[in-house]
Amino acid sequence: MAGPDIGLHPAALRELEALAQTQPAQRRRVADTVCRYLRDTTSQAADGSVGLRAAAAATLAALARRHPVTDQVPAGAAADAGCGADCEDCLDIDLTGAVLPDADFSGCRFGRARFADAHFRGASVFEGARFSREALYQRAVFENDARFAGARFGDTAVFGRTRFRAGADFSGARFQGIAWFGRGEEAVPEDDPAWEQVEAWRPVAWDEPGEDDPLWPLAVLEDDYQSWEEGGDGARFNSRASFTHARFEMAAWFWKARFGGEALFHQAVFGGRVHLVQPSADLTGARLSASAHAEEHVWPLGWTAATPGTEEASYKRLIPDESVAPYHGQLADPAPEVRLAGLRVLGELGDAKPQVRQRVVDTVCAYLRMPLSFDITAGVFALAPSQFDELRVRWNA
């Protein structure tokens with residue numbers, strides 16, 4: 001696998017997979033070898049490497065799907081069988097900085113999974129995957145739809161500064177640790193050995209349409225002066241993001257995340273602190289469990305938590321906030337005229353109720369931070385009608 005003749009690599013991959021099948025004790029070492037191959041920048045640049053890298057990712061996925069405990073139970077039960085952080089059969093993988101043409105990790109069982117700075121250039125499927133330890137995707141880039149439906153994150157899930165350039169589907173996902181979609185810089189103590197590797201980190205270039213980031217690729221901040229809420233930009237969703245029926249058992253942190261399309265949280269359950277101010281978030285049917293009642297939450301303007309009823313005393317439902325009527329989330333509407341009307345309502349609301357003026361300002365700022373999918377420097381005559389309408393709404397905002 002380390003040789004320059006890539007014509008030998010397919011046979012080497014087959015030999016590695018056969019080795020893991022005949023000698024299960026070698027499965028972890030085989031997986032580490034495949035991960036090193038996928039991280040190797042030399043193989044990334046080789047001609048004809050795309051198919052090989054897809055095959056290597058498929059081999060790694062096959063290794064991660066083999067799990068002696070769940071392999072011996074019915075398929076339905078296996079999907080729900082959880083593993084502890086000390087499970088020796090869940091594979092730790094490190095694909096930091098890897099370039100992946102196609103990646104189908106559906107149904108895989110991971111221990112600690114490192115995908116920081118990875119570049120997913122093709123299909124990205126993690127449906128039904130299980131992570132018994134941390135899942136680290138900070139600063140990763142997904143060029144096509146990222147599919148995490150039904151995934152279970154047993155520990156912290158980190159998507160700070162992750163860029164979803166197409167759709168992102170987390171419907172039915174379960175986050176048992178902190179769901180972090182906020183800032184993406186690592187907080188590294190001064191004496192941590194990781195500082196020795198910082199200069200080798202190579203985030204994917206920041207080349208988003210119509211914007212730049214002068215601090216990119218700043219990736220490390222010291223614990224001494226950084227609090228939980230400070231830092232750079234959060235996760236960036238260019239298109240539709242779905243967290244429908246997702247369950248957040250601890251904090252759901254979307255501070256500084258940016259949604260360029262609709263953000264659906266229908267029927268989601270929140271069990272910890274929530275920071276979700278983006279005006280495009282739709283919380284229809286979402287609930288707060290009893291463990292989250294005493295926490296401090298930040299909701300999009302137009303949403304509030306209702307007092308629990310007698311039938312569901314352990315839950316608080318998210319409902320439209322009549323105290324800011326007639327604003328009911330018009331900035332999330334796809335029609336530009338509705339968004340313009342929502343801006344007028346917000347302006348009148350800020351004048352009539354000074355106590356909500358800051359929240360109105362925060363909402364308008366969040367709208368202006370929504371990423372655009374087109375280049376605004378091309379000139380007005382190069383814009384499509386829908387693009388011109390969006391810029392007209394932003395000018396009014």
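The structure presented is a predicted model; accordingly, all values stated were derived computationally and were not measured.
For the pair Ala306 and Ile319, the tightest heavy-atom approach, listed with the atom from each and the gap, is CB-CD1, 3.5 Å. Across every non-hydrogen atom of Thr363 and Leu331, the tightest pair is CG2-CD1, 3.9 Å. In plain terms, the two heavy atoms of Gly342 and Gln330 that are nearest each other are CA-CB, 3.6 Å. Considering all non-hydrogen atoms of both residues, Ser289 and Val269 come closest at CB-CG1, 4.4 Å. Taking each heavy atom of Val50 and Pro101 in turn, the nearest pair found is O-CG, 3.4 Å.
The pair Arg66-Glu17 meets the salt-bridge criterion, with a side-chain N (NZ, NE, NH1 or NH2) lying under 4.0 Å from an Asp/Glu carboxylate O. Between Arg65 and Asp104, at least one side-chain N (NZ, or NE/NH1/NH2) sits under 4.0 Å from a carboxylate O, which counts as a salt bridge. Of the charged side-chain nitrogens involved, none lies within less than 4.0 Å of a carboxylate oxygen, so that Asp32 and Arg29 do not count as a salt-bridged pair. A salt bridge does not link Arg109 to Asp89: none of the charged nitrogens lies less than 4.0 Å from a carboxylate oxygen.
At a threshold of 4.5 Å between side-chain heavy atoms, the hydrophobic network of Ile, Leu, Val, Met, Phe, Trp and Tyr places Val360 and Trp299 in two separate groups. Both Phe153 and Val274 belong to a common hydrophobic cluster when Ile, Leu, Val, Met, Phe, Trp and Tyr are linked at side-chain heavy-atom distances under 4.5 angstrom. Clustering ILVMFWY residues whenever any of their side-chain heavy atoms sit less than 4.5 angstrom apart, transitively, puts Leu301 in a cluster other than the one holding Phe259. In terms of hydrophobic clustering, with Ile, Leu, Val, Met, Phe, Trp and Tyr side chains grouped at heavy-atom distances under 4.5 Å, Leu283 and Leu264 are assigned to different clusters. Trp395 is not connected to Leu340 by any chain of hydrophobic side-chain contacts under 4.5 Å among Ile, Leu, Val, Met, Phe, Trp and Tyr, and they are in different clusters.
Looking at heavy atoms from C-beta onward, Leu276 lies in side-chain contact with Phe265 at the 4.5 angstrom threshold. In this structure the side chain of Tyr367 reaches within 4.5 angstrom of the side chain of Arg394, judged on heavy atoms. At a threshold of 4.5 Å between non-hydrogen side-chain atoms, the residues Leu95 and Phe105 count as touching. Using a 4.5 Å cut-off on side-chain heavy atoms (C-beta onward), Thr162 and Val141 make no contact. Side-chain contact between Gln176 and Arg152 is present, with heavy atoms from C-beta onward closer than 4.5 Å. Proximity of Leu16 to Thr33: side-chain heavy atoms (C-beta onward) are separated by under 4.5 Å at one or more points. By the 4.5 Å heavy-atom criterion applied to side chains, Leu391 and Phe374 are counted as neighbours. Taking the side chain as every heavy atom from C-beta outward, Pro300 and Val277 never approach each other to under 4.5 Å.
Separation of atoms CG (Asp169) and CG (Asp145) is listed at 8.5 Å; rounding is to 0.5 Å. Once rounded to the nearest 0.5 Å, the distance linking CZ of Phe148 with CZ of Phe170 reads 5.0 Å. Arg287 contributes atom CZ, which lies 5.5 Å from atom CZ of Arg317 (distance to the nearest 0.5 angstrom). Between atom CZ of residue Arg247 and atom CZ of residue Arg174 there is a gap of 7.0 Å, rounded to the nearest 0.5 Å. Atom CZ of residue Phe110 and atom SG of residue Cys90 lie 10.0 Å apart, to the nearest 0.5 angstrom. Atoms OG and CG, on Ser280 and Asp333 in that order, are 12.0 Å from each other to the nearest 0.5 Å.
The closest donor-acceptor contact from the side chain of Arg27 to the backbone of Gln21 lies at 3.5 Å or more, if one exists at all. Asp321 contributes no side-chain N or O that, together with a main-chain N or O of Thr304, makes up a donor-acceptor pair within less than 3.5 Å. With hydrogens and angles ignored, the 3.5 Å screen pairs no side-chain donor or acceptor of Asp155 with any backbone N or O of Gly177. Distance alone, capped at 3.5 Å, is enough to place a donor-acceptor pair between the Asn144 side chain and the Arg121 backbone. Arg53 places a side-chain N or O within 3.5 Å of a backbone atom of Val99 that can act as its donor or acceptor partner. Judged by distance alone, with hydrogens and angles left aside, the side-chain atoms of Arg258 form a donor-acceptor pair with the main-chain N or O of Arg369 at under 3.5 Å. Ser291 contributes a side-chain N or O that, together with a main-chain N or O of Gly271, makes up a donor-acceptor pair within less than 3.5 Å. A donor-acceptor contact shorter than 3.5 Å is absent between the side chain of Arg130 and the backbone of Cys108. At least one donor-acceptor pair under 3.5 Å links the side chain of His297 to the backbone N or O of Ala292. Between the side chain of Glu390 and the main chain of Gln387, no donor-acceptor pair closer than 3.5 Å is present.
Counted by atom type alone, Asn238 and Arg236 present one or more donor-acceptor pairs between their side chains at under 3.5 Å. In this structure, a donor-acceptor pair under 3.5 Å is absent between the side chains of Tyr137 and Arg114. Side-chain contact annotation: Glu296 with His275, donor-acceptor N/O pair under 3.5 Å absent.
Two rings, from Phe254 and Phe243, have their centers less than 6.0 Å apart. Proximity of the aromatic rings of Trp253 and Phe175 is defined here by a centroid distance below 6.0 angstrom, and this criterion is not met.
Under the side chain to side chain contact (heavy atoms under 4.5 Å, CB included) test applied with Phe159, the options Trp180, Phe237, Phe164 reduce to a single match, Phe164. The salt bridge (Lys or Arg N to Asp or Glu O under 4.0 Å) with Asp117 is formed by just one residue from the set Arg161, Arg163, Arg139; it is Arg139. For the side chain to side chain contact (heavy atoms under 4.5 Å, CB included) criterion with Leu346, the lone passing option out of Val324, Val364, Val361, Val356 is Val364.
Taking Ala294 as the reference, nothing meets the side-chain contact (heavy atoms from CB on, under 4.5 Å) condition, with sequence neighbours excluded.
Judged as a side-chain hydrogen bond (donor to acceptor under 3.5 Å, both in side chains), the pairs with a partner in residues 340-361 (not counting sequence neighbours) are, in order, Gln358-Asp362.
Using cut-offs of 30° and 60° for the angle between ring planes, the Phe115 and Phe120 rings count as tilted.
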